[in-house]
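Values reported hereafter were calculated over all heavy atoms of this structure, with side chains retained and with hydrogens, waters and symmetry mates removed. Every chain is numbered from 1 and lettered A, B, ... according to where its sequence line falls, protein lines coming before strand lines. All figures in this text were calculated on a predicted structure; none of them were measured in a lab.
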There are 2 protein chains.
Amino acid sequence: MPKGNSVTIREVARRAGVSIATVSYVLNESAPISEETRARVLAAAAELGYRPSALARSLRARQSHTIGYSWHHVPRDRWHPILDPFLYSMAQAAEAEGYHILTFAQPADGDPWRPYQELMLTGRVDGFILSETNRDDPRIRYLLDHDFPFVAFGRANEEWDFPYVDVDNAAGTRMAVEHLVKLGHRRIAVIAWPEDSLTGSYRLQGYLEGMAAAGLPVDPAWIVRTEHSEAAGRQAMGALLALPPDRRPTAVVTMSDLMAIGAMNGLYEAGLQPGRDVSVVGFDDVPMAQYLRPPLTTVRQPVAEVGAKVVEMLLKIIRGEPLPERKVLLPPRLIVRESSGRI
Amino acid sequence: MPKGNSVTIREVARRAGVSIATVSYVLNESAPISEETRARVLAAAAELGYRPSALARSLRARQSHTIGYSWHHVPRDRWHPILDPFLYSMAQAAEAEGYHILTFAQPADGDPWRPYQELMLTGRVDGFILSETNRDDPRIRYLLDHDFPFVAFGRANEEWDFPYVDVDNAAGTRMAVEHLVKLGHRRIAVIAWPEDSLTGSYRLQGYLEGMAAAGLPVDPAWIVRTEHSEAAGRQAMGALLALPPDRRPTAVVTMSDLMAIGAMNGLYEAGLQPGRDVSVVGFDDVPMAQYLRPPLTTVRQPVAEVGAKVVEMLLKIIRGEPLPERKVLLPPRLIVRESSGRI
DNA sequence: CCCAGGAATTGAAACGTTTCAGTTATGCCT
DNA sequence: AGGCATAACTGAAACGTTTCAATTCCTGGG
């Protein structure tokens, strides 16, 4: 049977010959204590290796100093492009302020807000970070209705007023289009997500803005909406290649690196070479992207910054401090590699 | 200022017209209570939406019902091949038993066991899951010395007695070699990790066993030890290709998908085609592997099973239940795709 | 010489549970 | 009818903190 720890404030007090209140005051520097007593308490605490119980402290303060985070699990043929850096930067930012991240699974069935409710009602967390939000997101609805602290990585309904940090998705695809235009492309297609994806609609919008800014017409056949998978990306590329030569796009912008890879594979299947015959641009800049053949031009999201920012904002909310900016949009960066072709 | 929750057992007791002890007994079914009272308490609790405070409960029980997990952060040009499925399966397994996973960051500097110590002494967690263990792992040493509950995904020094679950790495590379031998290869190389990697030494050992079992000699030049990166894999392949034709390997086993990708890129650079001119096998089966050109033959680790198992074992330890098997080795699976060539 | 006032310290309550040790009411046996 | 076991329930302690309110001890002013 392991012990864990068991030295309490009482023992420190006894060893230093003072009351537990004094020990608490010394350790938290929350009351004037004579230098001599202070030194004695500190010494006793150090000798015993005393660390205050986070549990007792939390109970008393009614603050768990914990932040909840859950992510959507994806099937094994896909991946979560940002989980690692996002979670890591959140953990770092939280720990710098004495908080910790509690990760929980999103059960496949049942109301999506259930686990949030449970954590909230049992007082296990002081707030939540959400990611992969969408329009009518039931989790946001729930937290908003119950006035519980949270910050989202991603937006939702325009009319819902809640704090979020998001990447300027439209700017990302706009930059991709601008880059392709600069390379001389005029017929640029987009492999987009279904209409129910809010993030997808921002990215599509960026494409449209980019085309409009360049004064290029958009053939409706160039906008392919399909699900987020490699196979879908491949099929979409097949459909684009089936267009008559004068309408066939010479470049394709996609919603994700996964779909970009599908698109490139679609080109190979047709005997074409990505980056030479047709340019392809992805979104996410997963680590693999740079090692693909050809290396993938893609839009990199400032994931670590988002992670640090959402935590910073959430802690302000939890502490009741004013929140200077409730809605933050961070710019992505276009990483140019060979899949978009040579200049 | 958000409220969180605040309905306590006291209010439930008042509403049901009983003492708080009775409420507790009803809710935990830990004492005989008349059916009538039971119903009244349950009704009161439901009407108030009462959920017991996890904090108070933990303090009283001296159990946080929380498990700590930390992972090594990697630079952006690499990735953590198993974080998502591993963390997810752990969270699921833990939650089924009323536990949660606390994730924390490993600071770049300082003793690696510091964050473990902090969490342990403050009573925030009841135990830890470790991953990416190695020989002389200071975290294992620390937890062992302090007799604190933990289970590792991965092994360490033979003489250290601690509970772990690991994938049978040797079996993985052995299967890879067998597969290649079956395809007719006789000169099979391995791109391995530096000697200080314990996991790497198991995987190398499996390669050696596979070669021995097939009665094939191993040319020392076929064993290239190098760091875990795409560039290293590429250079290693270059070195292998530089061997004289009669010593040049026709197949290569690698320690990871990342290095396999490097190896394949090395082949392309030399104007060769992976899977046709030289076979390549990876390790991990990252989601990308199947979309590579050619799709990568690789060893898949049963990550979700490991996650469920380590949690199951840790909870047994925490609860003081007997642990039937302290050292578990799970078999990996070879996923055959085209990078290893046609039969 | 007394007392106000401040600095340093302490006792005890409170946070919300669980559970031990008791108290009441009921029914049964002799 | 009296005693006693049992069932059902309750009061209070305890988990380890923080912090309010109270207490002690000085010092200096009148």
Open item on the list: Taking the minimum atom-to-atom distance to the side chain of B:Ser19, which one of D:dG16, C:dT9, D:dG11 wins?
Closed with: D:dG11
TODO: Take atom CZ of A:Arg57 and atom P of D:dT19, then tell me their distance rounded to the nearest Å.
DONE: 9 Å
Task: Rounded distance (Å) that lies between atom C1' of D:dT17 and atom CZ of B:Arg124 - done: 14 Å
Task: Listed nucleotide nearest any side-chain atom of A:Arg60, set C:dA13, C:dG11, D:dC15 - done: C:dA13
Task: 5' precedence on DNA chain D between B:Ala31 and B:Ala56 (nearest-nucleotide basis) - done: B:Ala31
Open item on the list: By the 4.0 Å heavy-atom rule, please label B:Thr8 as base, sugar-phosphate, or nothing.
Closed with: sugar-phosphate
Open item on the list: Does A:Thr37 reach a base, just sugar-phosphate, or nothing at all? Heavy atoms under 4.0 Å.
Closed with: sugar-phosphate
Task: Whole angstrom value for the distance that separates C1' of C:dA8 from CD of A:Glu35 - done: 13 Å
Task: Atom pair distance, as rounded to whole Å: CG in B:Leu55 and P in D:dT18 - done: 14 Å
Task: Whole-Å gap separating P (C:dG11) and OH (A:Tyr25) - done: 12 Å
Task: Nearest-neighbour nucleotide for the B:Ile9 side chain, C:dT18, D:dC15, C:dC15 considered - done: C:dT18
- [ ] May I ask you to decide if the ring planes of A:Phe128 and A:Phe104 are parallel, tilted or perpendicular, using 30° and 60° as cut-offs?
- [x] perpendicular
TODO: Figure out the CG/P separation between B:Leu59 and C:dT19, and round it to whole Å.
DONE: 13 Å
Task: Check ion pair A:Lys309-A:Glu312 (N to O, under 4.0 angstrom) - done: yes
TODO: Select base, sugar-phosphate, or nothing to describe what B:Ile20 touches, counting heavy atoms under 4.0 Å on all strands.
DONE: base
Open item on the list: Output the rounded distance in Å from CZ (B:Arg10) to P (C:dC15).
Closed with: 7 Å
Open item on the list: Side chain of B:Tyr50, heavy atoms from C-beta onward: which of D:dG11, C:dT17, D:dT17 has the nearest atom to it?
Closed with: C:dT17
Open item on the list: Taking any heavy-atom pair under 4.0 Å as a contact, classify B:Ser53: base, sugar-phosphate, or nothing.
Closed with: sugar-phosphate
- [ ] Could you tell me whether B:Glu36 and B:Arg40 have a side-chain N and a carboxylate O separated by less than 4.0 Å?
- [x] yes
- [ ] Whole angstrom is fine here: how far is it from CZ in B:Arg14 over to C1' in D:dT10?
- [x] 17 Å
- [ ] Ignoring backbone atoms, test whether B:Ser58 places a side-chain nitrogen or oxygen under 4.0 Å from the OP1 or OP2 oxygen of D:dC15.
- [x] no
TODO: Output yes when A:Glu35 and A:Arg38 qualify as a salt bridge under the 4.0 Å nitrogen-oxygen rule, no when they do not.
DONE: yes
Task: Between B:Phe150 and B:Phe148, ring centroids under 6.0 Å - done: no
Task: Nearest listed nucleotide, side chain of A:Thr22, among C:dT10, D:dA13, C:dA14 - done: C:dT10
Open item on the list: Side chain of B:Ile33, heavy atoms from C-beta onward: which of C:dT10, C:dT17, D:dC9 has the nearest atom to it?
Closed with: D:dC9
Task: Matching residue for A:Phe153 among A:Phe86, A:Trp71, A:Tyr164 - test: ring-ring contact (aromatic ring centres under 6.0 Å, His included) - done: A:Phe86
TODO: Could you pick out which residue, A:Val23 or B:Pro32, lies toward the 5' side of DNA chain D when each is mapped onto its nearest nucleotide?
DONE: B:Pro32
